[in-house]
Amino acid sequence: MAEWKDCINDLKGVVLDICGVLYDSGEGGGVPIPGSVEAVKRIKASGLKLRFCTNETQATRDKFVAKLQRMGFDISVNEVFSPAPAACKILKDRGLRPHLLVYDEVVPEFADVDKSNPNCVVVGDAADNFSYKNVNEAFRVLIGLEKPVLISLGRGRYYKETDGLKLDVGVYMKALEYACDIEAEVVGKPAKMFFQSALADMGVEPHQAIMIGDDLVNDVGGAQQCGMKALQVRTGKYRPNDEKHPTVKADGYVNNLAEAVDGILKHLGE
């Protein structure tokens, strides 16, 4: 606690990751991590502003939030920042027409985007849609463009479901980057703009906010690069070796979200 309590006195906002912090995804929609439902309620009751930043791309934001509400979480759509809606704005602003390599359930997010004669590729966590045929089709679209544009909805290496670890979108993003000799544009964590959007929505400065996540590089590292303090929970995809990472070090490590909220509220009350 000593390493990060200095920011608590100025704390006005909290940013939470969702998968691996609030719940573990999996069969039947997943299960809440013990203490997390109450922890979210306690943050809101404290008067702190709260937003959720997720790289979830296996459902529309509306359906994702509805699932969390059924689990008992006090959460609304306008509090959740996810990559697909942000990507849609970029596509429209730049006149880009995407070839989608995404999970079927997230396709409706792109309903209002022109997808005829694609001039870019958008890749998300497509899960079983990451077949050779589908990845190769995305490759062919990119390699056939004079100026290939690859937009990736996050760049995670892996995530945790109830039955174990699963490869994430970053693995396939890297394959397309390598094959086409390009660099993807990442929408979502750890992109600085993604965190800044949540901070701006709360009306707080980076030094007045703390990020709590299970992904050392994308949650913790991304938030720190934005000027925020960041805690890593020992739930979700956390691995003990994270605490020995050569370049990214969390401002603090906590066993779970409930413990983090206990610490924050205790010091706010001092």
Side-chain angles (χ1 to χ4, degrees), residues 17 19 53-61 64 80-159 165-198 200 215-219 221-223 225-226 237 247-248:
D17 179 30
C19 185
C53 276
T54 176
N55 279 355
E56 167 66 39
T57 55
Q58 287 197 1
T60 63
R61 186 166 51 166
F64 183 50
V80 176
F81 289 76
S82 60
C88 287
K89 184 177 187 308
I90 291 170
L91 294 169
K92 291 178 180 178
D93 289 349
R94 291 166 54 182
L96 293 171
R97 303 179 303 276
H99 171 86
L100 298 176
L101 179 54
V102 299
Y103 198 71
D104 291 342
E105 294 293 322
V106 84
V107 170
E109 291 276 25
F110 297 88
D112 296 331
V113 176
D114 182 5
K115 294 179 281 294
S116 62
N117 190 25
N119 58 2
C120 73
V121 167
V122 172
V123 60
D125 177 16
D128 290 341
N129 282 348
F130 279 134
S131 64
Y132 175 83
K133 177 184 176 183
N134 290 344
V135 175
N136 196 58
E137 187 177 357
F139 159 72
R140 286 179 171 176
V141 171
L142 286 169
I143 207 70
L145 297 171
E146 184 178 347
K147 293 182 179 178
V149 176
L150 174 61
I151 295 175
S152 185
L153 307 181
R155 69 171 193 195
R157 292 187 175 99
Y158 58 88
Y159 56 93
L165 298 177
K166 304 290 179 72
L167 290 175
D168 204 351
V169 60
V171 176
Y172 302 91
M173 176 198 84
K174 286 293 184 182
L176 291 169
E177 283 184 332
Y178 180 70
C180 300
D181 196 21
I182 58 174
E183 184 173 343
E185 300 177 31
V186 177
V187 179
K189 299 175 293 187
K192 186 179 289 188
M193 187 176 296
F194 198 61
F195 289 101
Q196 289 171 336
S197 296
D215 186 318
L216 183 67
V217 173
N218 294 310
D219 294 337
Q225 294 221 352
C226 194
K237 68 190 295 182
T247 58
V248 182

**Complete:** C88 and E109 have their tightest heavy-atom pair at SG-O, 3.2 Å
**Request:** Report yes or no: does E56 contribute a side-chain atom to a donor-acceptor pair with the main-chain N or O of Q58 at less than 3.5 Å?
**Result:** yes
**Message:** Tell me if the NZ atom of K115 is crowded by more than 12 foreign heavy atoms within 6.0 Å.
**Reply:** yes
**Request:** Please state whether the rings of F194 and F81 are parallel, tilted or perpendicular, taking 30° and 60° as the class boundaries.
**Result:** perpendicular
**Asked** For V113 and L96, which heavy atoms make the closest approach, and how far apart are they?
**Response** CG1-O, 4.2 Å
**Request:** Apply side-chain contact (heavy atoms from CB on, under 4.5 Å) to the pair V102 and T57, showing each step before the final yes or no.
**Result:** CA-CA 8 Å; V102 299; T57 55; over 6 Å; no
**Item:** Rounded distance [0.5 Å steps], CG in L142 versus CD1 in I182
**Value:** 5.0 Å
**Message:** How long is the straight-line distance from CD of E137 back to OG of S131, given to the nearest 0.5 Å?
**Reply:** 9.0 Å
**Item:** Separation of R94 CZ from I151 CD1 (nearest 0.5 Å)
**Value:** 5.5 Å
**Request:** Applying side-chain contact (heavy atoms from CB on, under 4.5 Å), run through Y172 and L101 and close with a yes or a no.
**Result:** CA-CA 10 Å; Y172 302 91; L101 179 54; 5.7 Å; no
**Request:** Could you tell me which non-hydrogen atom of F195 sits nearest to which non-hydrogen atom of N218, and how far apart they are?
**Result:** CZ-O, 3.6 Å
**Request:** Answer yes or no: does atom CD of Q196 have more than 12 heavy-atom neighbours from other residues, nucleotides or ligands under 6.0 Å?
**Result:** yes
**Message:** Could you tell me if the side chain of F64 sits less than 4.5 Å from the side chain of T54, heavy atoms only?
**Reply:** yes
**Fill in**
When V141, L91, L150 are each screened for side chain to side chain contact (heavy atoms under 4.5 Å, CB included) with C120, the one that passes is L91
**Request:** Measure the spacing between NZ of K237 and CG of D215 and express it to the nearest 0.5 Å.
**Result:** 3.5 Å
**Prompt:** What's the spacing between Y178 OH and F139 CZ if we round to 0.5 Å?
**Reply:** 12.0 Å
**Request:** Identify the two heavy atoms, one from P98 and one from D114, that lie closest to each other, and give their separation to 0.1 Å.
**Result:** CD-O, 3.3 Å
**Message:** Please check if the number of heavy atoms outside R97 that lie under 6.0 Å from its CZ is greater than 12.
**Reply:** yes
**Request:** Please report the C-alpha distance between D125 and K166 in whole Å, then the side-chain angles of each, then the deciding distance to 0.1 Å, and finally whether the salt bridge (charged side-chain N to carboxylate O under 4.0 Å, His left out) criterion is met.
**Result:** CA-CA 10 Å; D125 177 16; K166 304 290 179 72; over 6 Å; no
**Message:** Is it the case that atom CG in D128 sees more than 12 heavy atoms from other parts of the structure closer than 6.0 Å?
**Reply:** no
**Request:** Show your working on side-chain contact (heavy atoms from CB on, under 4.5 Å) between V169 and V123 and close with a plain yes or no.
**Result:** CA-CA 7 Å; V169 60; V123 60; 3.9 Å; yes
**Message:** Strictly distance-based, threshold 3.5 Å: is any side-chain N or O of Q225 a donor or acceptor partner for the main-chain N or O of K192?
**Reply:** no
**Item:** Heavy-atom pair of closest approach, residues V186 and P190
**Value:** CG1-CD, 4.4 Å
**Asked** Measuring from D181:CG to L176:CG, what's the distance to the nearest 0.5 Å?
**Response** 13.0 Å
**Request:** Would you name the heavy atoms of V217 and R157 that are closest together and state the gap between them?
**Result:** CG2-NH1, 4.3 Å
**Item:** Donor-acceptor under 3.5 Å (D168 side chain, Y159 main chain)
**Value:** no
**Prompt:** Can you check salt bridge (charged side-chain N to carboxylate O under 4.0 Å, His left out) on E177 and R155, steps first, answer last?
**Reply:** CA-CA 12 Å; E177 283 184 332; R155 69 171 193 195; over 6 Å; no
